[in-house]
S.K.: 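Here it is, the structure, as structure tokens.
Values in this document were obtained by computation on a predicted structure and should not be read as measured data.
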Amino acid sequence: MKRPLAVVLLLAGLLSTPTPVASAAAGGDLDRSFGTNGVTKDPAVGVSGRAVALQSNGRIVVVGYSGYWAWVYRYRTDGTLDTSFGGGDGRVNIDFGHPTELNDVAIQSDGRIMVVGRTHIAGLSDYYDTAVARLTSSGDLDTTFRGDGKSVLDLGFRDGADAVAIAPNGRIVIVGDGLVKLDGDFYVTRLTSSGALDSTFSSNGRTTTGFGGENDAALDVAVQSDGRIVVAGRTDADGEYDYDFAVARYTTSGGLDASFNFDGKASIGFGDSDEARAVAIQSDGKIVLAGPSDPDDGPSDFAVARLNAVGLADDDWDGDGKITTGFGGTDDWAEDVLVQPDGRIVVVGRVRTDKLGGPFDLGLLRYNQSGSLNTSFGGDGKVRTNLGTSDEIYGIARQTDGKLVVAGEVGQGADPQLFVARFHWTTDPAPTTTIDSGPSGDTADTTPTFTFHSNESGAKFECTVATPYVPCTSPKTFTLAPGSYTFKVRAIDSSAQKDATPATRSFTILTP
């Protein structure tokens with residue numbers, strides 16, 4: 001039976017239509033090659049994920065807890081549970097003898113896994129001690145640590161660990177909140193690599209610091225390359241539940257570092273209730289603090305403060321060292337912060353985009369070095385992701401390829417699920433600079449002129465021949481005496497990135 005030619009051609013066109021090609025992933029998109037469409041959820045109900053860290057081979061370690069048990073999970077780079085870890089199912093539970101919460105994890109240089117938290121004291125529901133454990137890289141309790149790989153530390157007061165970091169010399173730094181004479185203070189403990197209290201730190205391995213409030217608490221820690229310890233948290237020195245960011249820096253011997261804000265500690269207020277839940281150190285020594293800011297007369301927002309290396313507000317960070325950013329809802333809450341190698345800052349937590357309430361979504365922000373939102377991430381610097389229920393990120397880590405791994409819980413309340421997700425990172429390279437014209441070698445011109453350009457439109461420039469860099473535009477003319485010079489020029493893009501390899505041209509002005 002013959003068909004009209006038009007019908008045949010139409011069918012042929014439909015059959016030959018190419019399969020649509022998926023568009024390239026952008027910064028802030030879930031990495032669909034990880035887990036199931038970018039996410040792995042623990043099938044066990046009731047486990048809350050609290051922190052994430054990466055081993056040198058890329059394996060992903062997540063800690064959390066469920067009622068009585070403290071849990072450590074390890075995932076392969078594709079998001080599947082690593083069955084070579086622990087008892088063959090990719091996870092380990094640690095029994096401290098009482099209900100225990102694991103809050104943080106750090107990976108030692110040899111791959112061993114250090115975890116910390118708090119364990120409740122029998123019969124005293126509001127009292128607890130510090131729980132510490134170390135696992136081998138394969139997930140067994142490390143018996144070289146305190147004899148059996150785990151311990152409950154009674155530091156002499158009500159105490160519980162919120163964070164851990166490994167010092168350059170391998171010592172283990174643990175921080176949290178401690179109740180001393182009914183007042184809450186920062187507490188900092190340092191252990192040797194075998195888990196003993198380090199007697200070279202404050203003489204007995206531990207110290208406490210108060211900011212004048214009744215509920216001061218340390219929530220995170222970072223160790224500088226020189227071994228000094230930066231601890232972040234909160235203080236209510238201004239009144240009950242009127243919290244501010246609080247930060248202290250300690251010397252390697254455990255004393256407050258007087259070179260930091262004159263007395264070793266500082267507080268930063270954004271509104272009526274703020275707390276620094278995370279701290280990170282930039283490569284230039286600046287200190288980044290992140291957490292929620294919750295004013296009485298408005299919605300809570302992500303809050304980020306940056307201090308210079310001596311503990312003063314960094315004026316390059318939005319003019320006064322402080323930035324708050326909201327997602328447009330009623331409850332945005334920052335939990336962790338990460339500084340990328342290029343200086344960009346990623347802050348993660350939860351966001352409630354419904355102004356009338358409702359469940360939470362995952363929230364991620366990325367800032368440029370200057371504090372502006374990085375629009376190559378999520379289109380406007382913000383990423384909101386819903387995993388189907390009420391979701392929250394508690395921790396973030398960065399892979400060597402730049403991808404961002406986050407962990408937390410799906411479904412808040414009595415029955416959360418631990419999850420791990422991975423997001424794409426697209427590199428926004430620094431600008432490059434090219435000199436187009438100007439003298440090179442010997443010249444008689446005492447007013448040399450140089451022209452130059454950048455590969456990024458709208459870039460600004462800094463240049464010099466002998467003095468510190470100063471702003472300049474092309475063409476740039478100098479009035480110079482006879483002698484030898486090197487002209488240097490570098491571009492600065494809209495994200496405040498500077499060309500790390502300025503363009504140069506050497507020349508010599510001859511004596512007439």
S.K.: Hey, could you give me each pair passing ring pair (Phe, Tyr, Trp, His ring centres under 6.0 Å) that has a residue in residues 256-275? Not counting sequence neighbours.
M.R.: Phe245-Phe270

S.K.: Determine, for Arg249 against Asp263, whether the closest basic-nitrogen to carboxylate-oxygen distance falls under 4.0 angstrom.
M.R.: no

S.K.: Classify the side-chain pair Arg234/Asn215 by whether it contains a donor and acceptor separated by less than 3.5 Å.
M.R.: no

S.K.: Go through the structure and list residues passing side chain to side chain contact (heavy atoms under 4.5 Å, CB included) with Thr464, not counting sequence neighbours.
M.R.: Thr467, Tyr469, Lys488

S.K.: Flag the pair Asp380 and Lys382 as a salt bridge only when some basic side-chain nitrogen lies within less than 4.0 angstrom of an acidic carboxylate oxygen.
M.R.: no

S.K.: Listed by chain and number, what are the side chain to side chain donor-acceptor pair (under 3.5 Å) partners of Ser273, not counting sequence neighbours?
M.R.: none

S.K.: Which class fits the ring pair Trp71 and Tyr73: parallel under 30°, tilted 30 to 60°, perpendicular over 60°?
M.R.: tilted

S.K.: Does the distance from a Lys or Arg side-chain N to an Asp or Glu carboxylate O, for Asp159 and Arg118, drop under 4.0 Å?
M.R.: no

S.K.: Applying ring pair (Phe, Tyr, Trp, His ring centres under 6.0 Å), which residue pairs with at least one partner in residues 213-240 are found, sequence neighbours left out?
M.R.: none

S.K.: Given Arg306, which of Asp314, Asp315, Asp318 fulfils the side-chain hydrogen bond (donor to acceptor under 3.5 Å, both in side chains) condition?
M.R.: Asp314

S.K.: Salt bridge check, Arg277 against Asp162: does any charged N sit closer than 4.0 Å to a carboxylate O?
M.R.: no

S.K.: May I ask you to check whether Tyr367 and Trp317 place their ring centres under 6.0 Å from each other?
M.R.: yes

S.K.: Is it true that Asp493 and Lys460 make a salt bridge, defined as a side-chain N closer than 4.0 Å to a carboxylate O?
M.R.: no

S.K.: Between Tyr250 and Phe201, what is the ring plane arrangement, given parallel below 30°, perpendicular above 60°, and tilted in between?
M.R.: tilted

S.K.: Among residues at least two apart in sequence or on other chains, which ones pass side chain to side chain contact (heavy atoms under 4.5 Å, CB included) with Thr235?
M.R.: Phe211, Asp216, Ala237, Asp244, Ala246, Ser267

S.K.: According to salt bridge (Lys or Arg N to Asp or Glu O under 4.0 Å), who are the partners of Arg422, at least two apart in sequence or on a separate chain?
M.R.: Asp31

